[in-house]
**Q** 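Shown below is the structure under consideration.
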Amino acid sequence: MSRESSISEGGGWVQWFCAMEDHQFLCEVDDEFIRDNFNLYGLKSKFNFYNEALDLILSSETPDDEDLEDERFLEVYQEATDLYGLIHARFIITAKGLSMMKEKYLGGKFGACPRVLCERQNVLPVGMSEELRTSRVKVFCPRCEEVYIPKKKCPDVDGAYFGCSFPSIFLMNFIQEIQIPVNNQTYVPRVFGFRIYKKKGSRYQDTQQKVAEITHYSEEQLKKLRGKNDQQAKEDYVQK
């Protein structure tokens, strides 16, 4: 890709980045939102090349082949990717951001629930942590209220680009419009017509048993993740 052709196409870095393969979950954040310092509060301390990364995000040009072979550029590019992701997490809970994500949701851009009894219910992207490099993006089904790995693994889309609260805020705003069917079907395992009851290790062993609720990674879980060596942490991240 030549620099001249990149500029002539227009749209700048944000449009180029969101149009990349496996970035279909992301929406294009307005320049006005990015330029407002209030919306960027607290982000500068997280990055070594904050100013350069912000300039890259706001650039009207897109990277060419020469840029993508430059080590210094790639360092800034990685930080720009993460910085844009954290800005994106803040943008999608604004009125305009929610509206843009609603269009993607209704169009099935986030995929469908893999659970058979949910009958291909559209899902929403969600992060298991607000911290970068903890877990890649997951999807939340508003019908069965479970979290799954998306069909398209989105290997370089961090869960922090969406945050833990997005699905709940989205549903609070649009629950009357999107009309999610009531989930009144549950698969019950049986043997020759008889329900398996109190089977050791079965989730049906005790209907009164308390189930741990997980909506995000707790501080204790994050400490355990950070306590692993770099290689193991990298392998865990790839598997998630």
Side-chain angles (χ1 to χ4, degrees), residues 1 3 6-7 9-65 67-105 109-110 124-139 150 152-167 169-170 216 237 240:
M1 179 190 299
R3 185 175 295 274
S6 299
I7 298 173
E9 291 173 1
W13 188 92
V14 171
Q15 186 181 66
W16 170 82
F17 181 73
C18 292
M20 291 176 67
E21 187 177 2
D22 293 333
H23 285 188
Q24 70 271 19
F25 284 13
L26 299 170
C27 64
E28 297 179 19
V29 181
D30 294 341
D31 279 3
E32 293 79 6
F33 185 88
I34 300 173
R35 294 181 187 278
D36 188 336
N37 289 330
F38 177 79
N39 298 324
L40 310 182
Y41 180 78
L43 297 180
K44 188 172 184 178
S45 61
K46 298 178 182 291
F47 300 95
N48 296 321
F49 306 110
Y50 175 82
N51 292 327
E52 295 93 329
L54 188 59
D55 288 341
L56 181 59
I57 292 171
L58 294 171
S59 174
S60 60
E61 302 179 5
T62 55
D64 57 21
D65 294 336
D67 288 331
L68 297 175
E69 293 174 0
D70 185 285
E71 291 185 7
R72 165 68 177 178
F73 176 84
L74 290 176
E75 287 183 337
V76 175
Y77 170 77
Q78 182 57 55
E79 293 218 343
T81 298
D82 288 339
L83 176 58
Y84 180 79
L86 295 183
I87 296 172
H88 180 271
R90 298 180 178 189
F91 176 74
I92 60 176
I93 58 175
T94 65
K96 185 170 185 179
L98 285 168
S99 178
M100 294 170 70
M101 295 296 277
K102 177 187 172 185
E103 290 184 17
K104 284 180 172 285
Y105 170 82
K109 298 297 184 182
F110 306 128
L124 292 161
V126 64
M128 297 302 292
S129 174
E130 308 288 350
E131 299 295 326
L132 290 166
R133 288 174 289 281
T134 301
S135 172
R136 75 174 58 158
V137 65
K138 303 295 189 297
V139 290
K152 288 191 174 182
K153 300 285 181 74
C154 305
D156 59 344
V157 179
D158 199 297
Y161 296 178
F162 299 89
C164 306
S165 303
F166 169 69
I169 295 174
F170 181 91
H216 63 282
Y237 184 78
K240 286 177 180 176

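Keep in mind that what you see is a predicted model, and the values were worked out from it rather than measured.
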**Q** Closest approach of A89 and G163, non-hydrogen atoms and distance?
**A**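 Closest heavy-atom pair between A89 and G163: CB-N, 4.4 Å.
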**Q** Salt bridge check, R72 against E52: does any charged N sit closer than 4.0 Å to a carboxylate O?
**A**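 Counted as a salt bridge, because a side-chain N and a carboxylate O are separated by less than 4.0 Å.
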**Q** Distance check, rounded to the nearest 0.5 Å: F166 atom CZ versus I93 atom CD1?
**A**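 Between atom CZ of F166 and atom CD1 of I93 there are 9.5 Å.
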**Q** Please work out whether the ring planes of Y84 and H88 are parallel, tilted or perpendicular, with thresholds of 30° and 60°.
**A**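 Answer is tilted, since the angle falls between 30° and 60°.
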**Q** For residues C27 and C18, report the shortest heavy-atom separation together with the two atoms involved.
**A**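 Taking C27 first and C18 second, the nearest heavy atoms are O-SG, 3.5 Å.
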**Q** Roughly how far, to the nearest 0.5 Å, is the CD atom of E79 from the CD1 atom of I57?
**A**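 Atom-to-atom, I57:CD1 and E79:CD are 10.0 Å apart.
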**Q** List the atom of D70, the atom of F73, and the distance in Å for their closest heavy-atom pair.
**A**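 It is OD1-N, 2.8 Å.
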**Q** P167 and P125: which non-hydrogen atoms are nearest, and at how many Å?
**A**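 That would be CG-O, 3.6 Å.
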**Q** So if I apply the ring-ring contact (aromatic ring centres under 6.0 Å, His included) rule between F110 and each of Y105, F25, F170, F162, which one comes out positive?
**A**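 Testing F110 for a ring-ring contact (aromatic ring centres under 6.0 Å, His included) against Y105, F25, F170, F162 leaves exactly one candidate, F25.
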**Q** Measuring from atom CG of L56 to atom CZ of F49, what distance do you get when rounded to the nearest 0.5 angstrom?
**A**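 Separation between the atoms: 12.5 Å.
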**Q** Between K109 (side chain only) and E103 (backbone N and O only), is there a donor and an acceptor less than 3.5 Å apart?
**A**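 Checking the backbone N and O of E103 against the side chain of K109, no donor-acceptor pair under 3.5 Å is found.
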**Q** Counting only N and O atoms by type, is there a donor-acceptor contact under 3.5 Å from the side chain of E130 to the main-chain atoms of C164?
**A**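 Checked: pair present.
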**Q** Before giving the answer on side-chain contact (heavy atoms from CB on, under 4.5 Å), spell out for E75 and N48 the whole-Å C-alpha distance, their side-chain angles and the decisive distance to 0.1 Å.
**A** CA-CA 10 Å; E75 287 183 337; N48 296 321; over 6 Å; no
**Q** Between the side chain of K138 and the main-chain N/O of R136, is any donor-acceptor distance below 3.5 Å?
**A**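 Answer holds: yes.
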**Q** Measure the spacing between CE of M101 and CG of L124 and express it to the nearest 0.5 Å.
**A**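 Reported value, rounded in 0.5 Å steps: 7.5 Å.
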**Q** Taking side chain as C-beta onward, heavy atoms only, is L83 less than 4.5 Å from K46?
**A**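 The answer is no, as the side chains (C-beta and beyond) never meet within the 4.5 Å cut-off.
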**Q** May I ask you to decide if the ring planes of W13 and W16 are parallel, tilted or perpendicular, using 30° and 60° as cut-offs?
**A**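 Answer is tilted, since the angle falls between 30° and 60°.
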**Q** Nearest 0.5 Å, please: how far is CD in E69 from CG in L74?
**A**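 If we round to the nearest 0.5 Å, L74:CG and E69:CD are 9.0 Å apart.
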**Q** Can any side-chain N or O of T81 pair as donor or acceptor with the backbone N or O of Y77 at less than 3.5 Å?
**A**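 Yes; judged by distance alone, with no hydrogens or angles, the pair exists.
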**Q** Hey, mind stepping through L58 and I34 against side-chain contact (heavy atoms from CB on, under 4.5 Å) and telling me if it holds?
**A** CA-CA 8 Å; L58 294 171; I34 300 173; 3.6 Å; yes
**Q** Does some side-chain heavy atom of Y161 sit less than 4.5 Å from a side-chain heavy atom of V137?
**A**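 Result no, sub-4.5 Å side-chain heavy-atom pair not found.
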**Q** Taking the side chain as every heavy atom from C-beta outward, state whether I92 and M100 have any atom pair closer than 4.5 Å.
**A**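 Answer no - side chains too far apart.
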**Q** What I'd like to find out is whether the side chain of N39 reaches to under 4.5 Å of the side chain of T94, using heavy atoms alone.
**A**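 No, their side chains stay 4.5 Å or more apart.
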**Q** With a 4.5 Å heavy-atom cut-off, do L132 and L86 have their side chains touching?
**A**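 They are in contact (side-chain heavy atoms under 4.5 Å apart), so the answer is yes.
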**Q** With no hydrogens and no angle check, is any side-chain donor or acceptor of K96 less than 3.5 Å from a backbone partner on F91?
**A**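 Flag not set: sc K96 to bb F91 has no pair under 3.5 Å.
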**Q** Once you round to the nearest 0.5 Å, how far does OG1 of T134 lie from CG of D158?
**A**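 Reported to 0.5 Å precision, the distance equals 7.0 Å.
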